[in-house]
Peer 1: 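Quick one: this structure, given as structure tokens, is what I'll be asking you about.
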There are 2 protein chains.
Amino acid sequence: MANQFGVRIRQLREQQNLLLRQVAPLLKMDTPMLSKIERGERPVKREQIPVLSEILKADKNELLTLWLADQIYDVVKDEKLANEAMQVAEKTINLKKRNKK
Amino acid sequence: MANQFGVRIRQLREQQNLLLRQVAPLLKMDTPMLSKIERGERPVKREQIPVLSEILKADKNELLTLWLADQIYDVVKDEKLANEAMQVAEKTINLKKRNKK
DNA sequence: GCCGAGTTGTCAACTATTGACAAATATAGA
DNA sequence: TCTATATTTGTCAATAGTTGACAACTCGGC
């Protein structure tokens, strides 16, 4: 599992001198669960990101970007054609974006 | 569900003048299932791609790339930060690639 | 040895996915 | 129009995967 996100929130938590047991309840989970999330052993739910950025006084967009990047990475890691696929996907994204506007 | 892949294999199948009922059994599925796959209503398994490219006489890499692009797109569609996330993910991919070599 | 912080392992409850089938809807030719 | 064939739609039980919760463990420092 990709884990730029987990590494970052651990970093932020330590910067704020917060303990797992202090943060976990705010996310409505127990300490082991948050520990696993920070180490990328368990997935984070999208809707938990704003809560986390609030608690850790971090930029919501930064965390969301890292989280998305992790999801993308999980799809293409181990794939020889990762870069090609990324190009195709990017084209699709920009096409759809244009069509909406 | 993203579906560049499905559209492409339908195109290929029709080019070869093959019917759903001819192709489906080769993939060990029934006709409705393949129909749904082609219309993006059901997911395709990674391991079915080589089989499909064999049947449809298509380039394995082309199909795999489309399939991966669909997976990526599913992750970031509806996300404002799609492009940023793609950039971060791409960086990670290339970093890891370098580390392996 | 004990305590606080974090980690590891397990498991039942829940959720989601799958494959399979029947039935409905095109499509085309006689 | 009737019929045959191709595709699509809808449903559902079985299975697989995920989740949350907890006990037990490790690792430091005191």
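Proteins come first, then strands; the chains are lettered A, B, ... in the order of their sequence lines, and each starts at number 1.
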Peer 1: Nearest heavy-atom pair of B:Val23 and B:Arg13: which atoms, and what distance?
Peer 2: CG2-CD, 3.8 Å
Peer 1: Using heavy atoms and a sub-4.0 Å distance, could you list which residues of residues 19-32 of chain A are near DNA chain D? By number, please.
Peer 2: A:Asp30, A:Pro32
Peer 1: Contact between A:Tyr73 and B:Lys96 at the side-chain level, heavy atoms closer than 4.5 Å - yes or no?
Peer 2: yes
Peer 1: Under the salt bridge (Lys or Arg N to Asp or Glu O under 4.0 Å) test, which residues partner A:Lys77, sequence neighbours left out?
Peer 2: A:Asp74
Peer 1: Need two values: the first and the last nucleotide of DNA chain C, 5' to 3', having an atom under 4.0 Å from any heavy-atom of chain B.
Peer 2: C:dT18 to C:dA22
Peer 1: Return a table of donor-acceptor pairs under 3.5 angstrom between the side chains of residues 85-95 of chain B and protein atoms on other chains or two or more places apart.
Peer 2:
from    : atom 1 : to      : atom 2 : distance (Å)
B:Thr92 : OG1    : A:Gln4  : NE2    : 2.7
B:Thr92 : OG1    : B:Val88 : O      : 2.9
B:Asn94 : OD1    : A:Asn83 : ND2    : 3.4
B:Asn94 : ND2    : B:Glu90 : O      : 3.2

Peer 1: By side-chain hydrogen bond (donor to acceptor under 3.5 Å, both in side chains), which residues pair with A:Glu79, not counting sequence neighbours?
Peer 2: B:Arg46
Peer 1: Within the modelled atom types, does a donor on one side and an acceptor on the other bring the side chain of B:Lys36 and the base of D:dG10 under 3.5 Å apart?
Peer 2: yes
Peer 1: With sequence neighbours left out, write down each residue that passes side-chain hydrogen bond (donor to acceptor under 3.5 Å, both in side chains) with A:Arg21, or none if nothing qualifies.
Peer 2: none
Peer 1: Near DNA chain D, under 4.0 Å by heavy atom, which residues of residues 5-16 of chain B?
Peer 2: B:Arg10, B:Arg13
Peer 1: Sequence neighbours left out, what passes salt bridge (Lys or Arg N to Asp or Glu O under 4.0 Å) with A:Glu14? Give chain and number order.
Peer 2: none
Peer 1: For nucleotides 14-19 of chain D, give me every protein contact, N/O to N/O, under 3.5 Å, one pair per line with atom names.
Peer 2:
none

Peer 1: Could you name each residue pair satisfying salt bridge (Lys or Arg N to Asp or Glu O under 4.0 Å) that touches residues 50-60 of chain A, not counting sequence neighbours?
Peer 2: none
Peer 1: Using whole Å, report how far CG of A:Leu34 lies from P of D:dC22.
Peer 2: 16 Å
Peer 1: Should the pair B:Arg39-B:Glu41 be classified as a salt bridge under the 4.0 Å nitrogen-to-oxygen rule?
Peer 2: yes
Peer 1: Taking all non-hydrogen atoms of both residues, which atom of A:Gln71 and which atom of B:Val75 are closest, and how far apart?
Peer 2: CB-CG1, 3.4 Å
Peer 1: List the residues meeting salt bridge (Lys or Arg N to Asp or Glu O under 4.0 Å) with A:Asp30, not counting sequence neighbours, and say none if there are none.
Peer 2: none
Peer 1: When you measure from the side chain of A:Gln22 to the backbone N and O of A:Leu19, does any donor-acceptor pair fall under 3.5 Å?
Peer 2: yes
Peer 1: Check side-chain hydrogen bond (donor to acceptor under 3.5 Å, both in side chains) between B:Glu62 and all other residues, then give those that pass, not counting sequence neighbours.
Peer 2: B:Arg8
Peer 1: What's the CD-P distance between A:Glu41 and D:dG20, to the nearest Å?
Peer 2: 15 Å
